[in-house]
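Computed over heavy atoms, backbone and side chain alike; hydrogens, waters and symmetry mates excluded. Keep in mind the model is a prediction, meaning the values are calculated, not measured.
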Amino acid sequence: MDVRKELFENQDLAYKEFHSKIVPDIDKEKIIGVRIPNLRKIGKCLESSDFAWDYYEEIMLHGFYIGYAKLEFEERLALLNDFVPKIDNWAVCDCVCSTLKFIKKHNADFFEYLKKYMYSENEFEQRFAIVCLMDYYIDDDYINLVIDYLKGINSSYYYVNMAAAWALSVAFVKYESKVMPLLENGVLTKEIHNMTISKIRDSLRVDKENKDYIKTLKR
């Protein structure tokens, strides 16, 4: 497959304009304008990762390849070692994280692998770790480890703080008794605290009574 040719054949210039506004960190000229469903279709057809990294969509496809291709676990980790440092925006981070379904079969080993990103000083490496935790580790086996990690985040990076708040709001739905005390006791940084309240109040899975009470906890 000629990956770049395939991308330009799926170009949607109106979508390029729209997407460049919601992912403002990317040079607009590096966005081709391919909708995510079409990118996923291309990603599922890739036979190798031997193609360029120049465009936003090409970087996304490298991540999709890691998730979709038939690879051994160690092969996926080796590819992630190259891929994760190249993430420079929330969209690539979040879309690729949701594609790494193999994590479910390797939870313990991948949790250990994530630690180097959990404590990274790079904004999007840390966001990658947080979103993976949110997508694959909000369960009975890992919730305490996830909460302990999230409550210790003290970052100046917007996309790290927003990811932490997002993860906490997802955890709140299933583990209210573990997240509520963080808000009541002021454990989180002010930015993550208020972002978490906002995300919980936006959730359709939280009842009005809880939303009204949480609003009173804003700092």
Side-chain angles (χ1 to χ4, degrees), residues 22-23 36-37 40 60 63-64 67 80 84 87 89-115 117-120 123-219:
I22 65 172
V23 192
I36 295 298
R40 290 195 179 280
M60 183 84 81
F64 285 173
L80 282 174
V84 175
I87 300 173
N89 62 85
W90 66 265
V92 166
C93 177
D94 299 359
C95 289
V96 170
C97 287
S98 70
T99 308
L100 305 180
K101 305 297 185 184
F102 71 89
I103 294 173
K104 296 177 182 179
K105 296 181 180 179
H106 303 275
N107 269 7
D109 289 335
F110 198 79
F111 189 87
E112 290 302 311
Y113 175 79
L114 272 183
K115 288 181 179 178
Y117 300 123
M118 289 163 65
Y119 300 101
S120 172
E123 181 173 15
F124 290 103
E125 289 184 0
Q126 190 171 13
R127 184 180 174 98
F128 171 80
I130 296 168
V131 177
C132 281
L133 291 175
M134 179 185 71
D135 286 347
Y136 303 106
Y137 293 92
I138 304 293
D139 59 29
D140 292 348
D141 292 331
Y142 286 93
I143 187 60
N144 289 334
L145 291 172
V146 172
I147 292 291
D148 284 346
Y149 167 66
L150 293 174
K151 74 181 184 183
I153 292 175
N154 186 356
S155 175
S156 60
Y157 290 126
Y158 172 82
Y159 288 108
V160 168
N161 291 331
M162 181 53 77
W166 184 18
L168 286 165
S169 72
V170 170
F172 182 88
V173 174
K174 188 175 179 182
Y175 299 100
E176 177 186 329
S177 64
K178 295 183 181 295
V179 178
M180 186 70 85
L182 304 183
L183 300 175
E184 292 177 327
N185 299 326
V187 172
L188 306 169
T189 65
K190 182 177 179 180
E191 187 170 8
I192 294 176
H193 177 98
N194 288 335
M195 284 179 168
T196 300
I197 289 173
S198 178
K199 294 295 287 184
I200 291 172
R201 286 177 51 78
D202 287 342
S203 175
L204 298 177
R205 297 184 292 168
V206 177
D207 62 45
K208 184 177 183 301
E209 183 178 357
N210 260 334
K211 289 182 179 182
D212 289 344
Y213 171 61
I214 286 172
K215 186 178 180 180
T216 69
L217 301 176
K218 188 172 180 180
R219 287 155 58 187

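- Minimum heavy-atom separation, Val23 to Ala91: CG2-CB, 3.9 Å.
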Quiz item: Does the side chain to side chain contact (heavy atoms under 4.5 Å, CB included) test come out yes or no for Lys151 and Leu188, once each step is laid out?
Solution: CA-CA 6 Å; Lys151 74 181 184 183; Leu188 306 169; 4.0 Å; yes
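- Here the side chain of Gln126 pairs no donor or acceptor atom with the backbone of Val160 at under 3.5 angstrom.
- The minimum heavy-atom distance between Lys174 and Asp139, with the atom names listed, is NZ-CA, 4.3 Å.
- In this structure, the separation between CD1 on Ile36 and CZ on Phe64 is 5.0 Å, given to the nearest 0.5 Å.
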Quiz prompt | Steps toward side chain to side chain contact (heavy atoms under 4.5 Å, CB included) verdict (Lys178, Asn144) | solution = CA-CA 8 Å; Lys178 295 183 181 295; Asn144 289 334; 2.9 Å; yes
Practice problem: Show your reasoning for whether side chain to side chain contact (heavy atoms under 4.5 Å, CB included) applies to Leu217 and Met180. | Solution: CA-CA 10 Å; Leu217 301 176; Met180 186 70 85; 4.3 Å; yes
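- Here the CZ atom belonging to Arg205 is positioned 11.5 Å from the CZ atom belonging to Phe172, to the nearest 0.5 angstrom.
- Checking Phe128, Trp166, Phe124 one by one against Tyr159, the ring-ring contact (aromatic ring centres under 6.0 Å, His included) holds for a single residue, Phe124.
- Residues passing the side-chain hydrogen bond (donor to acceptor under 3.5 Å, both in side chains) test with Asn210, sequence neighbours excluded: Glu176.
- Note: Tyr117 and Tyr113 have perpendicular aromatic rings, judged against thresholds of 30 and 60 degrees for the angle between ring planes.
- The CD atom of Glu112 sits 9.0 Å away from atom CE of Met118, with the distance rounded to the nearest 0.5 Å.
- Across Leu183 and Ile214, no two heavy atoms sit closer than the pair CD1-CG2, 4.4 Å.
- One N or O on the side chain of Asp207 and one on the backbone of Glu209 form a donor-acceptor pair closer than 3.5 Å.
- Nearest heavy-atom pair, Ala171 versus Ile138, reported as atom, atom and distance to 0.1 Å: CA-CG2, 3.9 Å.
- Between the side chain of Lys211 and the backbone N or O of Arg201, at least one donor-acceptor pair lies under 3.5 Å.
- In terms of modelled atom types and a separation under 3.5 Å, the side chain of Ser198 and the main chain of Asn194 share no donor-acceptor contact.
- Heavy atoms only, all atoms of each residue included: His193 and Leu182 are closest at ND1-O, 4.4 Å.
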Quiz item: Run the ring pair (Phe, Tyr, Trp, His ring centres under 6.0 Å) check on Tyr149 and Tyr119 step by step: do they pass?
Solution: CA-CA 10 Å; Tyr149 167 66; Tyr119 300 101; 5.5 Å; yes
Give every donor-acceptor pair under 3.5 Å between a side-chain atom in residues 92-101 and any protein atom, sequence neighbours left out.
from   : atom 1 : to     : atom 2 : distance (Å)
Asp94  : OD1    : Arg127 : NE     : 3.1
Asp94  : OD1    : Arg127 : NH2    : 3.4
Asp94  : OD2    : Arg127 : NH2    : 2.7
Ser98  : OG     : Arg40  : NH2    : 3.3
Ser98  : OG     : Cys95  : O      : 2.8
Thr99  : OG1    : Arg40  : NH1    : 2.7
Thr99  : OG1    : Arg40  : NH2    : 3.4
Thr99  : OG1    : Cys95  : O      : 2.8
Lys101 : NZ     : Ser98  : O      : 3.0

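- The two residues Asn161 and Ser156 come nearest to each other via the heavy atoms ND2-C, 4.3 Å.
- Taken from CD1 in Ile200 to CG in Leu168, the straight-line distance is 7.5 Å, to the nearest 0.5 Å.
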Exercise. Could you check Phe110 against Phe102 for ring pair (Phe, Tyr, Trp, His ring centres under 6.0 Å), going step by step and ending with a plain yes or no?
Key: CA-CA 10 Å; Phe110 198 79; Phe102 71 89; 5.8 Å; yes
Practice problem: Carefully, step by step, assess Thr189 and Ile192 under the rule side chain to side chain contact (heavy atoms under 4.5 Å, CB included). | Solution: CA-CA 5 Å; Thr189 65; Ile192 294 176; 3.4 Å; yes
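- Between the Tyr137 side chain and the Asn107 main chain, a donor and an acceptor come within less than 3.5 Å of each other.
- For the residue pair Tyr175 and Asp140, a side-chain donor N or O sits within less than 3.5 Å of a side-chain acceptor on the partner.
- You'll find the side chain of Met162 reaches within 4.5 Å of the side chain of Lys199, heavy atoms only.
- Between Val131 and Trp90 the shortest side-chain heavy-atom distance does not fall below 4.5 Å.
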